[in-house]
Amino acid sequence: MNIVVCIKQVPDAKTVRFDTEKGTLVREGVEAVINPFDFHALEAGLQLKDTYGGEVTVLSMGPPQAENALKEALSLGADKGILLSDRAFAGADTLATTYTLAKAIEKLGPVDLVLCGKQAIDGDTAQVGPGLAVRLGIPYVTCVNALNVLDDGKTMHLRRVNEDGYDMLELEMPALLTVLVSLNTPRLPSLKGKMLARKAEIPVWDARELGAKPDMVGLAGSATQVVSTSVPTFEARREMLEGSAEEQVEALVSRFKKAGIL
Amino acid sequence: MLKVDTEKCTGCGECEESCTFEAIFVEDEVAVVNQDACTLCGICVDGCPEGALELHVEEGLLAADLSSWKGIWVVAECRSGVLAPVTLELLAKSRELAGELGTEVTAVLMGHEIESKAQELIFYGADRVLVVNHPELATFTDEVYGNILADLAKKENPEIILAGATAMGRSYIPRVATILETGLTADCTGLDIRAEDRALLQTRPAFGGNLLATIVCPGHRPQMATVRPHVMRADAPDPGRKGDVIRILPGEELLSHRVQVLESVKEQAEGPNLSEADVIVTAGRGFEQEKNVELARELADLLGGTVGATRAAVDAGWLPGRTQIGQTGVTVSPKLYMACGVSGAIQHIVGMQGSAIIVAINKDAEAPIFDVATYGLVGDVKEILPLLIQRIQKERGS
């Protein structure tokens, strides 16, 4: 089974601070980590490889330092990592990103399964998975939290979560899935994996290597543009209700009445 | 690339202040760009008081004749025979936007045996409804729904397409945008028109709501956005409103799909779902045992709300994964959020801090959840919740 897992390096939520005055993210001191959802996409790929054999290739578009994310994926058991990095890729929205990723996957040759996290925690768009599948001409299912490959090694049964419950779906590979964190529990890196990852060479593919059209990547290939950003402020409101449990409950009920909740 | 007009630049430093990436700075009283650090986000361009900055985009792509695209489309969502609340919210918003643009509002209604809903869409603000009624649309598949909508859009050239940022909308609307090769802004919480060029200003939260970005789609049409449920307000229906209902028979080639729906299961017996609820009672680790989660259910029922979960409560198997609130779950902003036995890890807080009133109940007075709480109660949820439930029941009884 040839599996491609798309991962993104994102700022670690624990280290991110926001500048309310400038309306921007404070980059200083921010650690970059693999997008939390993507660990579960990778785990799904590794589990399939464990059962059916084959190869897991990890793909990431980003600046040169995104190499670290790919190395981390290798330490977990991915077979190879490829970094898509080029000044020309900067400023890409989801339209340009899916084009670039699709060019890379086409270059890799026939693929059975493409796995992505449901969304990245920085952009929160959840659009790259579906868009990439359309570009590749393969079917896709979003928000997968259970996955089972039938005996033919080709047909999958999936559970797709929605607001009211879930759908059970059937489809044949090749396909693309975006996964939820409830799909699986990611493994930890092995010592051997860490050593292999440290020594691994991560090839870097740029726009030329991909044969990508310059007007389809990065800012030039993006349909959307950010015109401004701001940091929403939440009013300082902390009021600790005092007294015994009964007194606190009484105080809360009176505030509920005032707010029209009761 | 980002270019500085050195004639116009006064070296005021506004750009340096506004740059998130430390990619532009003032040197010898003129702005200098570090092209390697610049992500071309354009924030400095917007903020430059002298108009000295310009994002240089290669010509060629911005060729669409924008004026030939007209009208606002609202993609109606009908689940189990009921129009999704977000559809009605979008119709009200679209009426407002259509007023500014001097155009009309079209609702697109896809499904099976849904024709009766067309009139309802008109009462809520549509001037025109395109109804695609077909047995193949009885269950949702990204391919068929996406293909039909993209096909209609290619034929009719709407200026704007809006859909709910629901599980369904966020799944198949990206398909439509990719087929149409246009921009799509996910999960918007604000929409507006920029008067000078009719651009749709789309405001959306990123980083779990910690950053708000306003986005435009300058050179491509249609301008597309999915919009978060429960943020905009629906108008009251006007049974006197008139509109056209146009029935459309989809071409056979649009109806083939490779994903088969074997079964659709409703887990939520009753009550609002998380993204549409006015009240959410969230259970965290402080409940200690699964049986205590019943207290959260009881309180939620009493307040007409629904139950949410922290990652810990989901991992413990107390509540299903789809109820998880936070960075790797759902982002919510109800009128009342009750965090019960929730410590308030940052990954949880980013998913709920936009709530209007936040009540936190926790044994540990130092728990970070209290930093975002409107009202904090220090105590054991197993003691406080029964008292609160009794007290509310008494209030309701009198």
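Here is the naming used below: chain letters follow the sequence lines, and residue numbers restart at 1 for every chain.
The two residues R238(A) and D371(B) make their nearest non-hydrogen contact at NH1-OD1, 2.8 Å. Annotation for R396(B) and I261(A): closest pair NH2-O, 4.0 Å, computed over non-hydrogen atoms. Residues T224(A) and L184(B) share a closest heavy-atom pair of CG2-N, 3.9 Å. Scanning all heavy atoms of the two residues, the minimum distance from A245(A) to E383(B) falls at CB-OE2, 3.5 Å. When every heavy atom of Q324(B) is checked against every heavy atom of V181(A), the shortest pair comes out as OE1-CG2, 4.1 Å. In terms of heavy atoms, Q127(A) sits closest to P174(B) at CG-CG, 3.9 Å.
Within the 4.5 Å cutoff, no side-chain heavy atoms of V226(A) are placed close to those of T214(B). Side-chain contact between R194(B) and V227(A): present, with at least one pair of heavy atoms (C-beta onward) separated by less than 4.5 Å. Counting heavy atoms from C-beta outward, M216(A) and E181(B) have side chains that approach closer than 4.5 Å. When side chains are defined from C-beta on, I43(B) counts as touching T229(A), because their heavy atoms get closer than 4.5 Å. Taking 4.5 Å as the limit, every side-chain heavy atom of D124(A) sits out of range of all side-chain heavy atoms of D187(B). Within the 4.5 Å cutoff, the side chain of R204(B) has heavy atoms near those of the T125(A) side chain. At least one side-chain heavy atom of L262(A) sits less than 4.5 Å from a side-chain heavy atom of I392(B). For the pair L169(A)/L262(B), no side-chain contact is recorded, criterion being any heavy-atom separation below 4.5 Å from C-beta on.
Residue contact with chain B, scored on non-hydrogen atoms closer than 4.5 Å, involves the side chain of A259(A) exclusively. Both the backbone and the side chain of S264(B) come within less than 4.5 Å of a heavy atom of chain A. Interface residue I121(A): backbone and side-chain heavy atoms are both found under 4.5 Å from chain B. Residue V231(A) touches chain B through both its backbone and its side chain, counting heavy-atom pairs closer than 4.5 Å. At a 4.5 Å heavy-atom cutoff, V314(B) makes no contact with chain A through either its backbone or its side chain. Using a 4.5 Å cut-off between heavy atoms, L303(B) contacts chain A through its side chain alone, with no backbone atom that close. With a 4.5 Å cut-off on non-hydrogen atoms, E242(A) does not touch chain B at all. Contacts between N162(A) and chain B at a heavy-atom distance below 4.5 Å involve backbone atoms as well as side-chain atoms. Heavy atoms of M338(B) lying under 4.5 Å from chain A belong exclusively to its side chain. Contact of F18(A) with chain B is made through the side chain alone, with heavy-atom distances under 4.5 Å. With a 4.5 angstrom heavy-atom cutoff, L211(B) touches chain A via backbone and side-chain atoms both. Of the atoms belonging to L241(A), heavy atoms from both backbone and side chain fall under 4.5 Å from chain B.
For the set T374(B), I346(B), L387(B), D46(B), the entry with the most heavy-atom pairs within less than 4.5 Å of chain A is T374(B). Listed options A186(B), G329(B), G379(B) were ranked by heavy-atom pairs under 4.5 angstrom with chain A; first place goes to A186(B). Most heavy-atom pairs under 4.5 Å with chain B: of the set A13(A), S228(A), A90(A), P130(A), this distinction falls to S228(A). Highest contact tally toward chain B, considering only E172(A), K257(A), Q119(A), is held by K257(A) [criterion: heavy-atom pairs under 4.5 Å]. Interface remark: of the candidates D167(A), T178(A), D19(A), D167(A) forms the most heavy-atom pairs closer than 4.5 Å to chain B. Ranking E143(B), R170(B), Q202(B), E22(B) against chain A, the residue ahead of the rest is R170(B), based on heavy-atom pairs under 4.5 Å. No other option in T185(A), I138(A), N145(A) has as many heavy-atom pairs under 4.5 Å with chain B as I138(A). Ranked by heavy-atom pairs under 4.5 Å with chain A, the list V261(B), T328(B), L388(B) is led by T328(B). When each of G376(B), A167(B), G183(B) is scored by its heavy-atom pairs under 4.5 Å with chain A, the top score falls to G376(B). Note on G123(A), S182(A), S244(A): by heavy-atom pairs under 4.5 Å with chain B, the leading option is G123(A). Contact tally against chain B (heavy-atom pairs below 4.5 Å) for G137(A), A120(A), A251(A): the top residue is G137(A). Put simply, of S171(B), G321(B), A213(B), A206(B), the one with the most heavy-atom pairs under 4.5 Å next to chain A is S171(B).
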Take F140(B) and R160(A), measure what side chain to side chain contact (heavy atoms under 4.5 Å, CB included) needs, and give me the verdict at the end.
-> CA-CA 11 Å; F140(B) 163 67; R160(A) 172 180 64 199; 3.6 Å; yes

Begin with the C-alpha distance, continue with both residues' side-chain angles, and end with the deciding distance and a verdict on side chain to side chain contact (heavy atoms under 4.5 Å, CB included) for F256(A) and L336(B).
-> CA-CA 10 Å; F256(A) 276 0; L336(B) 172 63; 3.8 Å; yes

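Rounding to the nearest 0.5 Å places CZ of F370(B) at 4.0 Å from CE of M240(A). Atom CD of E239(A) is separated from atom CG of L377(B) by 10.0 Å, given to the nearest 0.5 angstrom. Atom CD of E163(A) sits about 6.5 Å away from atom CD of E276(B), to the nearest 0.5 Å. Put simply, CD1 on I384(B) and CD on E246(A) are 9.0 Å apart, with the number rounded to the nearest 0.5 Å.
Between the side chain of Q225(A) and the backbone N or O of I215(B) there is no donor-acceptor pair closer than 3.5 Å. Looking at R258(B), its side chain never comes within 3.5 Å of a backbone N or O of Y140(A) through a donor-acceptor pair. Here the side chain of R322(B) pairs no donor or acceptor atom with the backbone of D164(A) at under 3.5 angstrom.
No more than 12 heavy-atom neighbours from other residues, nucleotides or ligands sit within 6.0 angstrom of NZ on K335(B).
Paired with E263(B) under the rule side chain to side chain contact (heavy atoms under 4.5 Å, CB included), one option of M168(A), R159(A), E170(A) passes, and it is M168(A).
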